[in-house]
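The structure appears below as structure tokens.
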Amino acid sequence: MTAPQDPRRRRVPGPADAHAERRPRQGRSHRPGDRPGPSGRRPVRRPRPGAPQQLRLGSPRPRLRLISLGLTLVMLVFVVRLLQVQAVDADAYAAKANVNRYIPVTLAAERGSITDRDGVDLATTVDAYDITAAPDLLTPKTAKTKDAPRRAASLLAPILGKDRADLEKKLTDNPKSKYVVLARQQSPQVWKQIKDLKNALDEAAEKGKGTNVLAGVNREAHSKRIYPNGDLAAGLLGFVGADGRGAAGLEQELNEKLAGQDGKRVYAQSGGHQVPTGDVKEQPAVPGSDVELTIDRDLQWSAQSAIAAQVSKSGADRGYVVVQDTRTGEILALANAPGFDPNDISRQDASALGNAAVSDAYEPGSVSKLMSMAAVIEEGVARWDTHVEVPNRLARADRAFADDIDHPTWYLTLNGVFAKSSNIGTILATEQLAKTHRQKNRILYSYLRKFGIGQPSGLGLPGETRGILAEPEKWSASQQYTIPFGQGLSLNAVQAASVYSTIANGGERIAPTLVRGSKGPDGEYTAGSKPKKTRVVGKETAKTLSRMLESVVDDEEGTGTRAKIPGYRVAGKTGTSNRVDPRTGRYRGYTASFAGFAPADKPRLTVYCAVQNPTKGSYFGGQVCGPVFKKVMEFGLKSLQAAPTGTQVKRLPVSYSPGQ
């Protein structure tokens, strides 16, 4: 009999047992309950009650596969995104990065200088700055304070001399903007004040005391236009606007030549400051050209002083003086009164801005008679000594014409008609040009056009008028009689001066010029274009007219005796015409004028003066403008060191005795 086994000493199955257990036993029948199920599989054997349970570890492969799949998906997302950023949308993202990091700055080209004929500066440039800001650096999120724009505006307003509310509006209108101009053309001292204030705020911010609300405030170097001589030649020079472009006069006409070409600088920034080691791309600016004018500064000063004094003395609206070189056509002075200071346009009277000497169109009066006499003599219908019987009144068309004073019948030579400036005598002389009014008008019109009336003078200045000269077929019944003595047509002061320079130059008109040449940024000098020349009358006709003009000044019966200059022969003509009021379009007041040249035997200078609407004292051209002509001409002849006249000529007779 076998004793029972102690369960505690049960043998642990070894490898051999396991092998034996896996090996099927042959010839052994299934015990009851061990029959295969319907599927043919052996049912799971359940542990016997009381038998110890065995732990079996699950396979790690499924979990590893799942983790690998997840990591693969994550990496795939990163790879796709990387390809998108670096390959597909690389340019777009780079552009966005540059916009956020790089600041573009315009490098303003230095504007060229304008000088007189001797190289003396009339308009030049000095260092200045445009004060700019980046509004996107003043937002609450970036500046870490809610009222950064207000605080910045409050700090800058007293330095820039601007209204605080206006500055704040500029800083808040477009919060995403990286660039806005707060003030233009500020002095280096202004920028130094701002820079010192920025540094102080930076130091305070580093110590944890507030925020630097001026971090986004910067400056751009811009040259400031200045006019060293104040109001000298201001009407001619014009001025430069706040945007740096010429806004009037030569500054406007020659803006492209003077301005040059702006450059560009792009630098990396952080927190409103340039990154010292950051990339910098720069395209240098190309400076503008320097322009040399025909103007003589000293002669310009003389002309401007003389006309300003006469306008004030006469209580006139305004006046102008033109000085021209008779041999070259160069304008040596172009003066207006009242004038203005182009250094501070905001404080000037708007009515004084501009260049009235070329923009005013007015009826010239008797100075225009020179053209009528030129036509009569050149056409051979009369000579200087032709007799002209001048009644006190002359009935023509729908009116009776008169001279400036009542008089008995005058017995004048054609020279006398000119010397005494007779309207009636001029009408009678021009009627000899042709047998019919139509032919006469056409001939006179052709001479007026050749003298430059009704067409551009050649200067090309902004606002220049070509005057008014209707086609002869459109002349009214009265115009065909008034135009010969200077009413019914209009011109500007430069055109009037050119008429007298034409006669002084032997009958050849040289178009007026203002620019002698220019010097480019490379230092190369380019001479100005040659002026157009037009033969108007022959030399003999011009010589005769010059002698007749001397009678106006030298003869006691002439109207221009106040223009005499001791030691020099002077040729000139007075003018007194009814003036059209530009506000009402009706005749109101007078235009007083005087035109002439000297020395009459060897002409060097032409001077023309006109005063609009004199209200104090005389309004006659000889008395108002004669003294101005004399003062300017004397100064000019001395400046040119023109030799005094060597010999005096015999005066041409002014009148004749009836019956001769």
Side-chain angles (χ1 to χ4, degrees), residues 74 77-78 80-107 129-184 186 190-222 264-282:
V74 172
V77 170
F78 277 108
V80 171
R81 182 62 175 161
L82 190 62
L83 288 173
Q84 182 186 10
V85 171
Q86 293 191 348
V88 179
D89 296 332
D91 293 340
Y93 282 101
K96 289 182 179 179
N98 288 339
V99 168
N100 293 327
R101 183 183 177 193
Y102 292 97
I103 297 294
V105 176
T106 299
L107 300 178
Y129 297 103
D130 285 354
I131 307 303
T132 66
D136 66 331
L137 297 179
L138 296 176
T139 59
K141 181 179 179 181
T142 305
K144 298 179 181 179
T145 180
K146 294 182 179 180
D147 60 347
R150 179 182 294 275
R151 290 171 55 192
S154 299
L155 292 171
L156 293 173
I159 300 176
L160 298 176
K162 302 289 184 180
D163 182 68
R164 183 196 62 78
D166 290 342
L167 291 178
E168 184 179 356
K169 186 175 185 298
K170 289 183 177 181
L171 293 171
T172 56
D173 273 351
N174 187 3
K176 295 182 180 180
S177 172
K178 296 185 178 298
Y179 179 85
V180 65
V181 178
L182 301 179
R184 295 189 183 275
Q186 300 298 304
V190 168
W191 170 242
K192 186 178 184 302
Q193 286 182 270
I194 297 174
K195 187 177 179 181
D196 291 344
L197 185 56
K198 287 182 63 175
N199 292 336
L201 292 174
D202 266 338
E203 293 177 3
E206 290 175 359
K207 297 177 181 179
K209 299 179 180 179
T211 302
N212 184 1
V213 295
L214 299 183
V217 176
N218 285 297
R219 55 85 174 90
E220 291 180 3
H222 277 278
K264 188 176 182 180
R265 183 170 181 264
V266 180
Y267 65 88
Q269 64 87 31
S270 178
H273 298 279
Q274 181 175 350
V275 178
T277 59
D279 293 336
V280 177
K281 296 180 180 180
E282 185 170 313

Inset, instruction - With the side chain counted from C-beta on, respond yes when Y179 and E220 share a heavy-atom pair under 4.5 Å apart, and no when they do not. - result: yes
Legend entry - Heavy-atom check, side chain of V77 versus side chain of V80, under 4.5 Å: no
Inset, instruction - Enter the distance from E203:CD to E206:CD here, rounded to the nearest 0.5 Å. - result: 7.0 Å
Legend entry - Heavy-atom closest contact (L171 atom, A133 atom, distance): CD2-CB, 3.7 Å
Legend entry - Side-chain (K178) to main-chain (P135) donor-acceptor, under 3.5 angstrom: no
Legend entry - Over all atoms of both residues, closest heavy-atom pair of P175 and T139: O-CG2, 3.8 Å
Inset, instruction - Before giving the answer on salt bridge (Lys or Arg N to Asp or Glu O under 4.0 Å), spell out for D130 and R184 the whole-Å C-alpha distance, their side-chain angles and the decisive distance to 0.1 Å. - result: CA-CA 4 Å; D130 285 354; R184 295 189 183 275; 3.2 Å; yes
Inset, instruction - Begin from the C-alpha positions of R219 and T132 and carry the test side-chain contact (heavy atoms from CB on, under 4.5 Å) through to its verdict. - result: CA-CA 5 Å; R219 55 85 174 90; T132 66; 5.9 Å; no
Legend entry - 4.5 Å side-chain heavy-atom contact, V180 and D173: no
Legend entry - Note, I194 side chain near V217 side chain (heavy atom, < 4.5 Å): yes
Legend entry - pair L214-L197: side-chain heavy atoms closer than 4.5 Å: yes
Inset, instruction - Can you tell me which residue pairs pass the salt bridge (charged side-chain N to carboxylate O under 4.0 Å, His left out) test with a partner in residues 149-159, sequence neighbours excluded? - result: R150-E168
Inset, instruction - Return the set of residues passing side chain to side chain donor-acceptor pair (under 3.5 Å) with D166 (not counting sequence neighbours), or none when no residue passes. - result: none
Legend entry - For K144, side chain to side chain donor-acceptor pair (under 3.5 Å) partners two or more places apart: none
Legend entry - Q193 side chain vs W191 backbone, donor-acceptor pair below 3.5 Å: no
Legend entry - L155 side chain near R164 side chain, heavy-atom distance below 4.5 Å: no
Legend entry - Pairwise side-chain contact, L156 with K162, heavy-atom cut-off 4.5 Å (strictly under): no
Legend entry - Side chain proximity check, V181 to I131, heavy atoms < 4.5 angstrom: no
Legend entry - Those residues that, when tested against D147, pass side chain to side chain donor-acceptor pair (under 3.5 Å) (two or more places apart): T145
Inset, instruction - List for me each residue that meets salt bridge (Lys or Arg N to Asp or Glu O under 4.0 Å) alongside K264, sequence neighbours excluded, and say none if there are none. - result: none
Inset, instruction - With sequence neighbours left out, write down each residue that passes side chain to side chain donor-acceptor pair (under 3.5 Å) with T211, or none if nothing qualifies. - result: none
Legend entry - Residues D202 and K198 bridged, charged N to O under 4.0 Å: no
